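Note that the coordinates shown come from a computational prediction; the quantities given were computed from them, not determined experimentally.
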Amino acid sequence: MIRILFVDDQQRELDGIQRMMNWTELGIEIAGAVTNAHAALEIVERESVDIVVTDIIMQNMDGLTLVRELKARFPQIKTICISGFDDFKFVSLAMNNGAAGYVLKPILVNEFKAVLERAMGDILTARSQSKAVFDKSRLAMMCLDAKDWRDGLE
């Protein structure tokens with residue numbers, strides 16, 4: 001299950017995005033919905049979160065700063081920026097700071113879903129690669145243990 005966190009300083013926006021889709025059907029569990037970036041960082045520090053969807057323009061800490069902070073401290077987390085600004089400057093800044101996607105408000109469900117699915121694909125690929133490395137390491141350790149055990153019989 002992929003865990004998602006929503007960040008927007010407008011509670012109405014948070015409520016709307018949570019009702020936008022059947023998240024469970026997509027294989028997504030909502031880890032939370034908070035109205036500021038500092039609260040988002042607190043959640044990410046104590047809970048497992050795979051994707052953070054953040055508004056760009058917020059008080060105290062903007063979404064671009066949050067994306068940068070998450071990229072530096074939690075590089076495995078995928079971030080998606082949402083904004084009412086279609087200025088390429090914002091898109092460019094978001095992507096250059098490590099965002100996995102950028103979606104304009106008002107959010108079109110199919111567009112948002114496509115960005116989410118791309119981020120989810122990256123996460124699932126990374127998980128399977130990590131599991132493969134773990135399985136190979138475990139197999140190597142088992143082989144070494146078996147060899148040591150056989151050597152003790154001789």
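- Inter-residue side-chain proximity for L41 and L70 is flagged as met; some heavy-atom pair is nearer than 4.5 Å.
- We find the CD1-CD1 distance between I4 and I28 to be 5.0 Å, quoted to the nearest 0.5 Å.
- The shortest non-hydrogen separation linking A94 to V67 is O-CG1, 4.3 Å.
- Counting heavy atoms from C-beta on, the side chains of V103 and E111 come closer than 4.5 Å.
- Distance check: I2 CD1 to E117 CD gives 11.5 Å after rounding to the nearest 0.5 Å.
- Proximity of E13 to D55: side-chain heavy atoms (C-beta onward) are nowhere separated by under 4.5 Å.
- Looking only at side-chain heavy atoms (C-beta outward), W23 and E25 stay at 4.5 Å or farther from each other.
- With a 4.5 Å cut-off on side-chain heavy atoms, V52 and F6 do not count as touching.
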For this session: For side-chain contact (heavy atoms from CB on, under 4.5 Å), just list the numbers for M21 and F112, CA-CA rounded to whole Å, side-chain angles, deciding distance to a tenth of an Å, and then say yes or no.
Result: CA-CA 10 Å; M21 293 183 222; F112 187 40; 3.3 Å; yes
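- When all heavy atoms of A37 and M61 are compared, the pair lying nearest together is CB-SD, 3.4 Å.
- In the hydrophobic clustering of ILVMFWY residues, with side-chain heavy atoms under 4.5 Å counting as a link, M95 and I56 come out together.
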For this session: Decide yes or no on side-chain contact (heavy atoms from CB on, under 4.5 Å) for L26 and K113, but give the supporting numbers first.
Result: CA-CA 9 Å; L26 291 173; K113 189 175 179 184; 3.4 Å; yes
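- With hydrogens and angles ignored, the 3.5 Å screen pairs a side-chain donor or acceptor of T125 with a backbone N or O of G121.
- Between the CG atom in N96 and the CG atom in L64 there is a gap of 10.0 Å [rounded to 0.5 Å].
- Under a 3.5 Å cut-off, the side chain of Q18 and the backbone N or O of L14 do form a donor-acceptor pair.
- For the residue pair A40 and V7, the shortest heavy atom distance occurs at CB-CG2, 3.5 Å.
- A side-chain contact (heavy atoms from CB on, under 4.5 Å) with I51 holds for exactly one of I77, V115, I123, D122; it is I123.
- Between the side chain of D62 and the backbone N or O of M58 there is no donor-acceptor pair closer than 3.5 Å.
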Exercise. Between I17 and I107, is a side-chain contact (heavy atoms from CB on, under 4.5 Å) present by the stated rule, with each step listed?
Worked result: CA-CA 9 Å; I17 201 167; I107 298 172; 3.9 Å; yes
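- Taking 4.5 Å as the limit, every side-chain heavy atom of T79 sits out of range of all side-chain heavy atoms of Y102.
- In this structure, N97 CG and L66 CG are separated by 11.0 Å, a value rounded to the nearest 0.5 Å.
- Formation of a donor-acceptor pair under 3.5 Å by the R3 side chain with backbone atoms of S48 is found in this model.
- Counting heavy atoms of neighbouring residues, nucleotides and ligands inside a 6.0 Å radius, atom CG of N110 does not exceed 12 of them.
- Minimum interatomic distance between F85 and F90 (heavy atoms only, all atoms of both residues): CB-CD1, 3.6 Å.
- Between T24 and E29 the shortest side-chain heavy-atom distance does not fall below 4.5 Å.
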For this session: Decide yes or no on side-chain contact (heavy atoms from CB on, under 4.5 Å) for L116 and I80, but give the supporting numbers first.
Result: CA-CA 8 Å; L116 280 169; I80 297 170; 3.8 Å; yes
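- Other residues, nucleotides and ligands contribute more than 12 heavy atoms inside 6.0 Å of the CZ atom of R46.
- A salt bridge links K105 with D8: the closest approach of a Lys/Arg side-chain nitrogen to an acidic carboxylate oxygen falls below 4.0 angstrom.
- A39 approaches V34 most closely through the heavy-atom pair CB-CB, 3.9 Å.
- Proximity of I30 to L5: side-chain heavy atoms (C-beta onward) are nowhere separated by under 4.5 Å.
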